[in-house]
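Counting convention: from 1, in listed order, for ligands and their atoms alike.
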Amino acid sequence: MSYTPTRSDFDHYMAPNYSPQKVIPVRGEGSHLWDQEGHEYIDFAGGIAVNSLGHCHPVLVDALKAQADKLWHLSNVYTNEPALKLAKSLVERTFADKVFMCSSGGEANEAALKLARRYAHDRFGEHKDKIISFRQSFHGRTFFTVSVGGQPKYSQGFGPVPGGILHAEFNDLDSVRALVGDDTCAIMVEPMQGEGGIVPATPEFLEGLRELCDEHQALLIFDEVQTGVGRTGKFFAYMHYGVTPDILTSAKSLGGGFPVGAMLTTDKVAPSLAIGTHGSTYGGNALASAVALAAIEHIDTPEVLEGVQKRHELFREHLESINRKYGVFREIRGMGLLIGAQMAPEYEGRAKDILPLAIEEGLMALIAGPNVLRMAPSLVIPEADIHEGMARLERAIAKLVATA
Ligand SMILES: *Cc1c(COP(=O)(O)O)cnc(C)c1O
């Protein structure tokens with residue numbers, strides 16, 4: 001007997017920590033999705049910056065199918081070829097010398113923070129344990145990463161939070177100078193805040209953080225879970241700034257939709273992650289690694305990366321043209337294909353109201369906080385889909401304005 005799940009099953013059977021849209025997509029191809037009723041949608045959400053090559057890209061499907069017939073999982077009692085190829089490929093493309101693999105962004109950040117603490121402990125002693133991060137930042141939902149994140153609403157109400165964590169203001173070096181000292185073990189920052197509203201760091205800010213870290217023998221950690229793997233038009237966002245971290249974390253786009261995460265670091269820092277200090281059952285899983293390798297080899301090419309920049313311009317032009325007609329946005333910002341449109345004061349807090357209106361018009365989009373409409377589409381979204389998606393967004397905005 002076949003059974004077709006419905007949206008009300010969500011309320012019956014799923015833990016209530018999410019509130020998904022009413023439609024249930026069942027199939028995807030490129031930047032299009034279809035729901036149970038056969039309605040078609042253009043996808044500007046990209047699974048929250050995850051579906052870097054859209055849905056069911058042949059390069060990823062082929063890699064998955066080929067690996068599926070060979071070997072899925074071994075545990076870290078053995079190593080495997082796809083994981084070794086992925087690690088080598090990441091090292092060759094970045095500042096890093098060593099890679100730790102896991103299955104999500106939160107886990108990659110958990111590893112980064114534990115490594116930073118351990119490194120400071122090994123080299124300098126117990127007292128050097130302070131982690132500085134930023135208000136409005138987001139680093140994951142494990143208890144350590146959510147406490148380092150700068151949105152207290154996500155970490156409060158779960159009992160005592162881990163200690164030694166300080167929050168400064170993003171893009172404000174003086175606020176960091178007020179907190180940094182010889183007891184600082186690491187500064188963790190997103191080169192562009194994602195969940196916090198699509199806010200790029202200024203070059204002076206990241207350069208200043210690098211200097212402060214060097215001055216105080218602290219490690220600089222870049223959380224590139226959302227900005228990495230081509231999202232901003234370079235392989236990693238740090239490459240725009242010419243500021244090199246000691247530790248970098250990646251997930252989301254890295255697997256193109258397959259759960260995978262990685263923490264990258266240098267030969268100087270890596271030894272503190274000695275045998276037995278940390279681990280993950282699924283880390284370096286062969287299926288995940290095979291898909292991630294295919295994703296990065298396809299993305300880290302001039303065609304794809306230059307295409308991201310071109311598409312950025314198209315998104316901007318369309319959003320500006322919508323804004324000339326309706327005046328709903330205060331600012332359009334972002335890098336590459338991580339784009340935010342901040343709502344004008346008259347529409348304060350109403351970004352989320354656009355999402356169901358967009359669904360009615362056949363468009364999937366995102367928000368980043370209450371005031372920012374966010375788009376994180378496939379890095380290879382066809383131009384025709386951008387034009388059509390923007391026509392649909394314009395109709396959704398027209399409805400928002402009509403009901404204001
Ligand atoms: C999404 C995100 C995370 C958390 O990743 P998960 O895979 O959900 O654990 C961490 N940092 C940033 C910047 C993110 O955008």
| Around Glu29, counting heavy atoms of other residues, nucleotides and ligands shown, do more than 12 lie under 6.0 Å from its CD? | no

| query | Does the separation of the ring centres of His278 and Phe100 fall below 6.0 angstrom? | reply | yes

| remark: At under 4.0 Å between heavy atoms, what of Ser104 touches ligand 1? The answer is both

| query | Is it true that His167 and Phe134 have ring centroids separated by less than 6.0 Å? | reply | no

| said: Quick check with a 6.0 Å cut-off and a 45 degree axis cone: is Arg135 positioned over the face of Phe170's six-membered ring? | reply: no

| task | Answer yes or no for atom 15 (O) of ligand 1: protein heavy atom present at a distance under 4.0 Å? | result | yes

| task | Show your reasoning for whether ring pair (Phe, Tyr, Trp, His ring centres under 6.0 Å) applies to His32 and Tyr41. | result | CA-CA 6 Å; His32 296 257; Tyr41 303 87; over 10 Å; no

| request: Could you tell me whether Ala251 and ligand 1 have an N or O pair separated by under 3.5 Å? | output: no

| field | Option with minimal heavy-atom separation from atom 9 (O) of ligand 1, where the choices are Pro259, Gly106, Ala49 | value | Gly106

| note | atom 7 (O) of ligand 1 sits nearest the protein heavy atom Gly105 N, 2.8 Å

| task | Answer whether the closest heavy-atom distance between the side chains of Ile131 and Arg117 falls below 4.5 Å. | result | yes

| Asn109, portion touching ligand 1 at heavy-atom distance under 4.0 Å | side chain

| Under 4.0 Å to a heavy atom of Glu190 - the qualifying atoms of ligand 1, by number | 13 (C)

| field | Atom indices of ligand 1 within 4.0 angstrom of Asp223 heavy atoms, with elements | value | 10 (C), 11 (N), 12 (C), 13 (C)

| query | Considering only heavy atoms of Gly140, which atoms of ligand 1 have at least one such atom less than 4.0 Å away? | reply | 4 (C), 10 (C)

| field | Aromatic centroids of Phe95 and Tyr238 separated by under 6.0 Å | value | yes

| request: Between Gln226, Lys252, His139, Glu195, flag the one that comes closest to atom 2 (C) of ligand 1 by a heavy atom. | output: Lys252

